[in-house]
K.L.:
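Pasting in a structure now, in structure tokens, and then I'll have a few things to ask.
First listed ligand is number 1; within each ligand, the first listed atom is number 1.
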Amino acid sequence: MRLAIVGALGSGKSTLYRAFTGAEPGFGQGPSVSVVRVRDERLEWLRDHYTPRKYTPVALEVCDFPGLPAPGETSGVKLSELLAQAREAEGLIICVRGFTDPTYPYPKPEPDPVAEAANVAAELAFADLDVASRRVEKLERKGGNCLDIEKQELAALRKVLAALEEGEPVKSVSLNPGEKKLLRGFRFLTEKSWTLVVALPDEGGDELVEAPQGPFEARIGVRAKLEAEVAELDDEDRAMFMEDLGLESLASESVVGAAFRAMGTISFFTTGEDEVRAWPLESGSDAVIAAGKIHTDLARGFIRAEVYSYDDFRELGGDEAAVKSAGKFRVEGKDYIVMDGDVINVRFSV
Ligand SMILES: Nc1nc2c(ncn2[C@@H]2O[C@H](COP(=O)(O)OP(=O)(O)OP(=O)(O)O)[C@@H](O)[C@H]2O)c(=O)[nH]1
Ligand SMILES: [Mg+2]
């Protein structure tokens, strides 16, 4: 799964990327990509409980994109190409500037997160509008020669277009599963989950986080410059630095978690002395799909899933026998819909 960091020129994207990854973004025209782990307190508790040989949190790819030029401006990057690449991501992190930095060119003396977020949102919506209307025109030209499936697509696209013209994102349009499937290939930017990040000055500015309006599933303020410096330290120095600053946790870590949850993805866990691992799963998936994430053999030879929730396990002191005697240990079949935080053991035979 992939998260794309997009935003205006100089809004703090690459600094945020460094805070996430500790890696330097490249200087090319394309996006830089790194893998980050999604922190999950539950998984960390399971790790401390089992002290397994291997510990595997969910990993996400994060891409740092070049800045979108401000309205009326041009830049070295081709906007359409850039946005086409952003379509490949499942979730977007929209980074806006909440700090002042005289060393970096910025159109205004003071940051304006409200206007900046609105511009970025408009740019993304416009890109969707462009894609949808081109396709509608093409299908309309075909007219009576449209296949049935194309007629359905056209009807669905008209709904999308109507919403976009009203300034509404594609995710606000109610589409049935069939329509969703027909439109999946467009990978609309306004259909994705959006996490707003306001890059904050080293001190203060927290009030800037609530101001921007838009279809954001999550919003969070990050002192990206400070956190990027922290990310470069080794563990010991980092702990000291964070204590000095009075920081308990890093906001950039919360961003990854928030953006992950905003995608509507859940996690289930597999545990034991060998490995404690979190698996991302599309919400609403059944036990066989979950088993298939672990290994295709587990889906193919699926017999049953032994399931209990992390919450019950933790409440009962991390004791499986106690979970059983409390009646919280369940044996589930193929149709069981996996829940966020389920601890699963798949029984199978091939
Ligand atoms: N105080 C403060 N400064 C920041 C923050 N994030 C970025 N900066 C500074 O803002 C300037 C631009 O940051 P970048 O991360 O390069 O911005 P960008 O969005 O990647 O810029 P482009 O890729 O050119 O669009 C740098 O001088 C950073 O040090 C932040 O959260 N707080
Ligand atoms: Mg950059």
Side-chain angles (χ1 to χ4, degrees), residues 3-34 36 61-83 85-86 89 92-121 123-124 194-212 219-233 241-242 245-247 249-256 258-259:
L3 287 172
I5 310 174
V6 297
L9 275 173
S11 61
K13 298 176 298 300
S14 300
T15 308
L16 184 66
Y17 175 85
R18 274 169 41 221
F20 285 155
T21 62
E24 278 304 319
F27 290 99
Q29 296 282 288
S32 315
V33 185
S34 274
V36 298
E61 278 181 355
V62 176
C63 318
D64 176 35
F65 277 81
L68 307 177
E73 282 190 28
T74 50
S75 79
V77 289
K78 255 188 105 183
L79 188 60
S80 55
E81 275 170 30
L82 193 108
L83 294 176
Q85 282 176 312
L92 302 183
I93 291 177
I94 297 186
C95 178
V96 300
R97 187 188 270 225
F99 58 88
T100 39
D101 185 347
T103 68
Y104 200 92
Y106 189 67
K108 298 179 189 172
E110 290 297 318
D112 189 350
V114 173
E116 201 174 301
N119 279 338
V120 174
E123 208 61 79
L124 300 179
W194 290 10
T195 300
L196 175 75
V197 169
V198 182
L200 294 177
D202 292 355
E203 274 171 43
D206 298 80
E207 73 285 355
L208 300 173
V209 179
E210 291 310 317
R219 56 174 76 220
I220 207 157
V222 182
R223 303 186 197 290
K225 198 169 114 194
L226 272 187
E227 294 205 359
E229 285 163 21
V230 174
E232 282 168 14
L233 303 173
F241 195 95
M242 286 178 64
L245 293 171
L247 288 176
S249 64
L250 295 176
S252 48
E253 285 177 347
S254 323
V255 172
V256 176

K.L.:
Would you say ligand 1 has an N or O under 3.5 Å from any N or O of Leu16?
P.N.:
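No, Leu16 has no N/O under 3.5 Å of an N/O on ligand 1.
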
K.L.:
For ligand 1, which part of Asp101 has a heavy atom less than 4.0 Å away: the side chain, the backbone, both, or neither?
P.N.:
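Contact part for Asp101 vs ligand 1: side chain (C-beta onward).
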
K.L.:
Kindly determine whether Leu3 and Glu61 satisfy side chain to side chain contact (heavy atoms under 4.5 Å, CB included), including the steps that lead there.
P.N.:
CA-CA 6 Å; Leu3 287 172; Glu61 278 181 355; over 6 Å; no

K.L.:
Calculate, to the nearest 0.5 Å, the distance between atoms CZ and NZ belonging to Phe99 and Lys225 respectively.
P.N.:
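Going from CZ on Phe99 over to NZ on Lys225, the span is 8.5 Å.
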
K.L.:
Does only the side chain of Val222 get under 4.0 Å from ligand 1, or the backbone, or both, or neither? Count heavy atoms.
P.N.:
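The answer is the backbone of Val222.
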
K.L.:
Please list, in number order, the atoms of ligand 1 under 4.0 Å from a heavy atom of Leu200.
P.N.:
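Once the distances to Leu200 are compared, the set is 1 (N), 2 (C), 30 (C), 31 (O), 32 (N).
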
K.L.:
Return the CD to CD distance between Glu253 and Glu227, rounded to the nearest 0.5 Å.
P.N.:
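Nearest 0.5 Å value for the CD-CD distance: 8.0 Å.
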
K.L.:
Would you find more than 12 non-hydrogen atoms of other residues, nucleotides or ligands less than 6.0 Å from Glu203 atom CD?
P.N.:
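Open: at most 12 neighbouring heavy atoms sit under 6.0 Å from CD of Glu203.
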
K.L.:
Which atoms of ligand 1 sit under 4.0 Å from any heavy atom of Asp202?
P.N.:
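Counting from 1, the qualifying ligand atoms are 1 (N).
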
K.L.:
Among Phe99, Tyr17, Phe65, which residue places a heavy atom closest to atom 3 (N) of ligand 1?
P.N.:
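Nearest option to atom 3 (N) of ligand 1, by heavy atoms: Phe99.
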
K.L.:
Output the distance between atom CG (Leu92) and atom SG (Cys63), rounded to the nearest 0.5 Å.
P.N.:
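Atom-to-atom, Leu92:CG and Cys63:SG are 10.0 Å apart.
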
K.L.:
Report yes if some N/O of Ser14 lies less than 3.5 Å from some N/O of ligand 1; otherwise report no.
P.N.:
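Yes, there is a polar N/O contact under 3.5 Å.
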
K.L.:
Does a donor on one side chain and an acceptor on the other come within less than 3.5 Å for Ser34 and Tyr17?
P.N.:
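Yes.
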
K.L.:
From Thr15, does some N, O or S atom reach closer than 2.8 Å to the Mg ion (ligand 2)?
P.N.:
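So Thr15 does not count as coordinating the Mg ion (ligand 2).
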
K.L.:
If you take all heavy atoms of Pro212 and Ala117, which pair is closest and at what distance?
P.N.:
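So the two residues come closest at CB-CB, 3.7 Å.
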
K.L.:
Just jot down the ligand 1 atoms closer than 4.0 angstrom to any heavy atom of Leu9, in number order.
P.N.:
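The atoms of ligand 1 under 4.0 Å from a heavy atom of Leu9 are 24 (O), 25 (O).
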
K.L.:
Any side-chain heavy atom of Leu9 sitting closer than 4.5 Å to one from Leu68?
P.N.:
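No, side chains not in contact.
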
K.L.:
What is the distance from atom CG of Leu245 to atom CE of Met242, rounded to the nearest 0.5 Å?
P.N.:
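Result: 8.5 Å between the selected atoms.
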
K.L.:
If we ignore angles and hydrogens, is there a donor and acceptor under 3.5 Å between the side chains of Ser14 and Asp64?
P.N.:
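The criterion, which ignores hydrogens and geometry beyond distance, is satisfied for Asp64 and Ser14.
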
K.L.:
For ligand 1, which atoms have a heavy atom of Gly67 less than 4.0 angstrom away?
P.N.:
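The atoms of ligand 1 under 4.0 Å from a heavy atom of Gly67 are 25 (O).
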
K.L.:
Any N or O of Tyr104 that comes nearer than 3.5 Å to an N or O of ligand 1?
P.N.:
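Between Tyr104 and ligand 1 (N or O atoms, distance only) the closest approach is under 3.5 Å.
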
K.L.:
Tell me whether Arg97 contacts the main-chain N or O of Gly10 through its side chain, where contact means a donor paired with an acceptor under 3.5 Å.
P.N.:
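Answer holds: yes.
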
K.L.:
Hey, which atoms in ligand 1 end up nearer than 4.0 Å to a heavy atom of Lys13?
P.N.:
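So the atoms of ligand 1 that pass are 15 (O), 17 (O), 18 (P), 19 (O), 20 (O), 21 (O), 22 (P), 25 (O).
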
K.L.:
Does any N or O of ligand 1 fall below 3.5 Å from an N or O anywhere on Pro201, backbone included?
P.N.:
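Such a contact does not occur with ligand 1.
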
K.L.:
Can you sort out which atoms of ligand 1 are near Ala199, meaning under 4.0 Å from one of its heavy atoms?
P.N.:
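Going through ligand 1 atom by atom, the ones under 4.0 Å from Ala199 are 31 (O).
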
K.L.:
Within the structure, does Gly12 bring an N/O atom to less than 3.5 angstrom of an N/O atom in ligand 1?
P.N.:
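Indeed, backbone or side chain, Gly12 has an N or O that close.
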
K.L.:
Look at ligand 1 and say whether Ser11 reaches it with a heavy atom at a distance under 4.0 Å.
P.N.:
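Per 4.0 Å heavy-atom rule, Ser11 contacts ligand 1.
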
K.L.:
Ignoring angles and geometry beyond distance, decide whether Thr15 reaches within less than 3.5 Å of ligand 1 through its nitrogen or oxygen atoms.
P.N.:
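Between Thr15 and ligand 1 (N or O atoms, distance only) the closest approach is under 3.5 Å.
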
